[in-house]
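These notes are about the structure you will find just below.
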Amino acid sequence: MKTVPRRSYLQAKIAVLVSYLVMWAQKVAILSCLLLLVSCQGKNQPANIPTVVTVARVVSGQTLEVLGLGEQPNITSQVRLIGLDAPDLRQRPWGEDAKALLEKLINDGDGGKKSLKLEFDLETKNRFGQTWAYGWKDQVFLNEQVIKQGYALFVGRSPNHKYNQRLENAQLWARLMGQGIWNPDNPMRQTPGEYRRMNK
């Protein structure tokens with residue numbers, strides 16, 4: 001009967017112990033990386049759950065001030081509708097018309113209550129601190145209606161692409177029908193972006 005030298009036996013035990021420690025250290029490293037990734041996520045991103053808010057006022061054809069967004073329900077927050085660029089209010093008559101249309105869409109239905117549902121996409125804030133959202137009044141998609149009735153241009157906002165095809169189709173419809181800014185008798189000559197750059 002052969003005997004295993006004590007030294008070889010200890011080396012084998014140590015090798016097994018080291019392999020267990022390496023495997024445990026890899027698991028700890030993976031878990032640490034996952035925790036780091038989770039902690040780096042933006043804290044101001046609402047869940048992709050629609051939120052019902054009350055409209056305090058319509059600022060323009062693309063911007064609203066709402067109550068009920070965030071942790072303090074009595075403080076107004078600015079919401080910028082995703083995927084559209086409405087004329088500036090000074091860009092007459094289209095800016096005022098766009099604002100009036102959005103006010104009408106919000107006031108129609110549900111007994112004149114100014115509540116609507118906001119739906120969020122991947123990026124929730126723009127560089128001005130406004131919340132990016134899609135607006136729904138009952139079953140009416142506000143972003144789409146403002147474009148479809150010819151009171152705003154479709155502008156894709158990366159990475160928020162959820163309804164891009166729908167909004168682009170709304171713009172094609174408005175152009176074909178000669179609605180609002182696409183009216184051949186009184187077309188808008190400058191895009192809202194061009195107008196803002198020239199009239200700072």
request  = Return yes if some donor-acceptor pair links the side-chain N/O of N160 with the main-chain N/O of L122 below 3.5 Å, else return no.
outcome  = yes

K162 and E119 ion-paired at < 4.0 Å = yes

Donor-acceptor under 3.5 Å (N183 side chain, Q179 main chain) = no

request  = Examine distances only and state if a side-chain atom of K137 and a backbone atom of L105 form a donor-acceptor pair shorter than 3.5 Å.
outcome  = no

ask   = What's the verdict on side-chain contact (heavy atoms from CB on, under 4.5 Å) for I106 and V58, showing C-alpha distance, side-chain angles and the deciding distance?
value = CA-CA 9 Å; I106 290 169; V58 175; 3.8 Å; yes

query = What closest approach, in Å, do N164 and H161 show between heavy atoms, and which atom pair accounts for it?
reply = ND2-ND1, 2.7 Å

inquiry  = Is the distance between the ring centroids of F120 and W132 under 6.0 Å?
reply    = no

message = Between Y151 and L116, is there shared hydrophobic-cluster membership here, with clusters defined by ILVMFWY side-chain heavy atoms closer than 4.5 Å?
response = yes

ask   = Got a donor-acceptor contact below 3.5 angstrom from the D138 side chain to the V140 backbone?
value = no

message = Taking atom CH2 as the centre, does W182 end up with more than 12 heavy-atom neighbours from other residues, nucleotides or ligands that are less than 6.0 angstrom away?
response = yes

inquiry  = Can a donor-acceptor pair be found, under 3.5 Å and without considering hydrogens, that links the side chain of Q145 to the backbone of L142?
reply    = no

note = Value for CG (L167) from CG (L172), rounded to nearest 0.5 Å, stands at 11.0 Å

task = Give a yes or no on whether a salt bridge exists between D85 and R196, defined as a side-chain N under 4.0 angstrom from a carboxylate O.
result = yes

ask   = So, R90 side chain and N199 main chain: donor-acceptor pair closer than 3.5 Å or not?
value = yes

task = List the atom of L89, the atom of V59, and the distance in Å for their closest heavy-atom pair.
result = CD1-O, 3.5 Å

key: Derivation of the side-chain contact (heavy atoms from CB on, under 4.5 Å) call for W173 and N169   = CA-CA 6 Å; W173 170 262; N169 288 341; over 6 Å; no

key: Common cluster, L102/I181, ILVMFWY with side-chain heavy-atom separation under 4.5 Å   = no

query = Out of curiosity, K125 NZ to Q78 CD, how far, rounded to the nearest 0.5 Å?
reply = 10.0 Å

ask   = Closest heavy-atom contact between S77 and L69?
value = OG-O, 3.5 Å

message = Is it the case that the side chain of Q130 and the backbone of R80 share a donor-acceptor pair, with hydrogens and angles ignored and the cut-off at 3.5 Å?
response = no

message = Donor-acceptor check, side chain of N107 to backbone of K114, threshold 3.5 angstrom: yes or no?
response = no

request  = Quick one: closest heavy-atom pair of A86 and P192, and the distance?
outcome  = O-CB, 3.4 Å

key: T54 vs V66, side-chain contact (heavy atoms from CB on, under 4.5 Å): CA-CA, chis, key distance, verdict   = CA-CA 5 Å; T54 302; V66 300; over 6 Å; no

Side chain to side chain, L153 and Q171, heavy atoms closer than 4.5 Å = yes

key: Transitive ILVMFWY side-chain link F154 to M188, under 4.5 Å   = no

W136 reachable from I147 in the ILVMFWY side-chain graph, under 4.5 Å edges = yes

request  = Rounded to the nearest 0.5 Å, what's the gap from OG1 on T191 to CG on D88? Could you check?
outcome  = 11.5 Å

request  = Run the numbers on L101 and Q149 for side-chain contact (heavy atoms from CB on, under 4.5 Å), then give the verdict.
outcome  = CA-CA 9 Å; L101 172 67; Q149 294 187 33; 3.1 Å; yes

note = What one should report as the nearest heavy-atom pair of L67 and T76 is CD2-CG2, 3.5 Å

ask   = What about I14 and V22, same hydrophobic cluster or not, with Ile/Leu/Val/Met/Phe/Trp/Tyr joined at side-chain heavy-atom distances under 4.5 Å?
value = yes

message = Looking only at the side chains, is there a donor atom on one of N143 and Y163 sitting less than 3.5 Å from an acceptor on the other?
response = no

task = Could you pull out the closest heavy-atom pair between P159 and E123, with the gap in Å?
result = CD-CB, 3.8 Å

ask   = Are any side-chain N or O atoms of Q91 and backbone N or O atoms of Q190, one a donor and one an acceptor, separated by less than 3.5 Å?
value = yes

